[in-house]
Amino acid sequence: MVKKVLYTLFLLSICVLLFGQADTIKLVKYSPDFKFYDGIYLNFQQVKNNKPIPKSRIITKVDIYSLDFFNKVLMKKKVSFYDNFGIKQEYSVDDLWGYSRNGSLYINWGNTFNRIPFVGSISHFIANVTVYQDRPYNPYYSSYYYYNVVQPQQTTKEMRQFILDFETGKILNYNYETVLVILMKDTELYDEYNNLKKKKKKQLKFLYLRKYNEKYPLYIPVH
């Protein structure tokens with residue numbers, strides 16, 4: 001009987017703790033002055049919740065107050081940290097969504113961490129990506145040699161623009177076709193943009209992303 005009462009009290013205390021935490025959470029409209037909590041993100045849901053793994057829980061010899069803390073920690077293949085239950089976890093750096101430093105978001109894209117300078121319901125960032133190209137045909141090789149010997153691919157680095165849909169977490173190419181798809185959620189903006197000539201659509205992509213974000217602002221939880 002005593003055990004049963006103690007177990008019930010334990011469950012009640014957990015519920016009170018959880019509800020107490022929930023009450024302290026509020027949503028804040030994003031603005032350029034907003035600062036995300038610093039830490040690493042295992043996935044996009046942690047970004048949406050503004051709940052990264054803080055630097056204090058990352059297991060490393062790097063000084064937590066070092067200006068290049070994240071650069072040094074993420075140079076290795078894996079990062080170790082303590083989870084919410086104090087259990088040591090290990091995660092591949094390649095699988096991290098990204099991190100937040102000094103309140104700014106950095107996304108893991110193109111095998112590098114790239115800052116997201118324009119944050120909103122639809123965010124925008126630039127990343128260097130590796131582009132793979134087949135080796136061009138060389139007429140000095142015989143057809144047999146060319147088609148029967150494995151031809152190594154050529155790789156180049158290209159700077160490209162992307163957008164992040166903060167509702168779904170999807171990364172999309174930054175072009176006028178994608179902007180059109182996004183604006184389909186708002187008939188007025190869609191019709192206005194769709195009626196532009198193709199050249200104008202390309203020139204005004206960013207303007208219409210701003211218009212969309214102003215009409216549908218991003219709200220971030222703070223704890």
Side-chain angles (χ1 to χ4, degrees), residues 27-36 40-52 74 92-101 103-137 151-221:
L27 294 176
V28 173
K29 182 179 177 181
Y30 179 82
S31 72
D33 296 326
F34 182 88
K35 291 186 179 296
F36 288 88
I40 58 174
Y41 300 107
L42 305 183
N43 51 61
F44 181 67
Q45 192 58 46
Q46 291 182 334
V47 182
K48 288 188 73 171
N49 294 338
N50 194 19
K51 290 202 75 172
L74 301 178
S92 170
V93 170
D94 290 340
D95 293 333
L96 292 177
W97 185 93
Y99 64 90
S100 174
R101 180 178 67 189
S104 298
L105 291 179
Y106 290 78
I107 185 171
N108 184 9
W109 196 257
N111 297 320
T112 58
F113 290 92
N114 309 274
R115 184 171 176 268
I116 303 180
F118 179 74
V119 177
S121 294
I122 303 298
S123 302
H124 174 272
F125 67 97
I126 297 172
N128 281 315
V129 296
T130 303
V131 179
Y132 296 92
Q133 299 173 330
D134 291 329
R135 184 177 289 277
Y137 175 71
Q151 301 298 312
Q153 284 187 318
Q154 292 180 325
T155 61
T156 57
K157 283 281 187 180
E158 290 185 9
M159 187 176 288
R160 293 189 178 179
Q161 300 183 66
F162 299 93
I163 52 179
L164 163 66
D165 186 337
F166 232 92
E167 181 181 348
T168 64
K170 290 182 178 178
I171 309 296
L172 307 166
N173 289 318
Y174 179 62
N175 51 47
Y176 79 88
E177 294 95 342
T178 303
V179 173
L180 262 177
V181 172
I182 290 169
L183 295 180
M184 287 176 69
K185 298 175 184 178
D186 185 284
T187 306
E188 183 182 351
L189 286 177
Y190 175 83
D191 290 342
E192 189 179 316
Y193 185 70
N194 193 38
N195 288 332
L196 298 174
K197 292 184 178 180
K198 187 176 180 179
K199 184 178 180 180
K200 279 292 183 183
K201 284 191 179 82
K202 291 181 177 180
Q203 292 174 340
L204 300 177
K205 297 191 299 292
F206 202 78
L207 173 64
Y208 276 85
L209 286 185
R210 279 190 176 276
K211 285 186 175 185
Y212 181 89
N213 284 339
E214 287 171 3
K215 205 167 184 179
Y216 303 96
L218 174 65
Y219 287 88
I220 304 292

*For the pair Phe125 and Phe118, evaluate side chain to side chain contact (heavy atoms under 4.5 Å, CB included) and give the outcome as yes or no after the intermediate values.*
CA-CA 7 Å; Phe125 67 97; Phe118 179 74; over 6 Å; no

*So, for His124 and Ile126, which heavy atoms are closest and what is the spacing to 0.1 Å?*
CE1-CG1, 4.1 Å

*Could you tell me whether Lys211 sits above the aromatic face of Tyr208, with NZ or CZ closer than 6.0 angstrom to the six-membered ring centre and within 45 degrees of the axis?*
yes

*Taking only Lys NZ, Arg NE, NH1 and NH2, and the carboxylate oxygens of Asp or Glu, determine whether Lys215 and Glu188 approach each other closer than 4.0 Å.*
yes

*Quick one: does Asn49's side chain have a donor or acceptor within less than 3.5 Å of a partner on Lys51's backbone?*
no

*When you look at CG of Asn194, are more than 12 heavy atoms from neighbouring residues, nucleotides or ligands closer to it than 6.0 Å?*
yes

_Apply side chain to side chain contact (heavy atoms under 4.5 Å, CB included) to residues Thr156 and Glu158 and explain how you reach the verdict._
CA-CA 6 Å; Thr156 57; Glu158 290 185 9; 4.1 Å; yes

*How far does CD of Gln161 sit from OG1 of Thr178, to the nearest 0.5 angstrom?*
11.5 Å

*For the residue pair Lys157 and Gly110, what are the closest heavy atoms and their distance?*
NZ-O, 3.9 Å

*Give a yes or no answer on whether the side chain of Lys35 reaches the backbone of Ser104 with a donor-acceptor pair at less than 3.5 Å.*
no

*For the atom pair CD1 (Ile116) and CG (Leu164), what is the distance rounded to the nearest 0.5 Å?*
5.5 Å

*Do other residues, nucleotides or ligands put more than 12 heavy atoms under 6.0 Å from Lys200 NZ?*
no

*Full working for side chain to side chain contact (heavy atoms under 4.5 Å, CB included) between Leu42 and Gln46*: CA-CA 7 Å; Leu42 305 183; Gln46 291 182 334; 3.6 Å; yes

_Main-chain N/O of Trp109 paired with Asn114 side-chain donor or acceptor, under 3.5 Å_ = yes

*Using the benzene-type ring in the case of Trp, are the ring centres of Tyr30 and Phe166 under 6.0 Å apart?*
no

*asked:* Could you tell me if the side chain of Ile220 sits less than 4.5 Å from the side chain of Phe34, heavy atoms only?
replied: yes

*Geometric class of the Tyr216/Tyr212 ring pair [parallel <30°, tilted 30-60°, perpendicular >60°]*: tilted

*From CG (Asn213) to OG (Ser123), nearest 0.5 Å*: 7.0 Å

*Using modelled atom types only, decide if a donor and an acceptor are shared between the side chain of Lys201 and the backbone of Tyr176 within a distance under 3.5 Å.*
no

_Interatomic distance, Met184 atom CE to Asp191 atom CG [nearest 0.5 angstrom]_ = 10.5 Å

*asked:* Would you compute the distance between atom CZ of Arg115 and atom OG of Ser100 and round it to the nearest 0.5 angstrom?
replied: 10.5 Å

*If every non-hydrogen atom of Val47 is compared with every non-hydrogen atom of Phe36, which pair is closest and at what distance?*
O-CE2, 4.3 Å

*Go through Asn108 and Tyr41 one step at a time and tell me if the side chain to side chain donor-acceptor pair (under 3.5 Å) criterion holds.*
CA-CA 10 Å; Asn108 184 9; Tyr41 300 107; over 6 Å; no

*Verify side chain to side chain contact (heavy atoms under 4.5 Å, CB included) between Ile107 and Phe113, making sure each step is shown before the conclusion.*
CA-CA 5 Å; Ile107 185 171; Phe113 290 92; over 6 Å; no

*Indicate yes or no for a side-chain donor-acceptor contact from Asn173 to the backbone of Asn175 under 3.5 Å, with no hydrogens or angles considered.*
no

*Locate the shortest heavy-atom distance separating Val93 from Leu74; write the atom from each residue and the value.*
CG1-O, 3.6 Å

*asked:* What I'd like to find out is whether the side chain of Pro52 reaches to under 4.5 Å of the side chain of Ile40, using heavy atoms alone.
replied: no

*asked:* Tell me whether the NZ or CZ atom of Lys205 lies within the 45° cone about the ring axis of Tyr174 and under 6.0 Å from its centre.
replied: yes

*State, to 0.1 Å, how close Leu204 and Tyr193 come at their nearest heavy-atom pair, and which atoms those are.*
O-CE1, 4.2 Å

*So do the side chains of Asp165 and Ile122 get within less than 4.5 Å of each other, counting heavy atoms only?*
yes

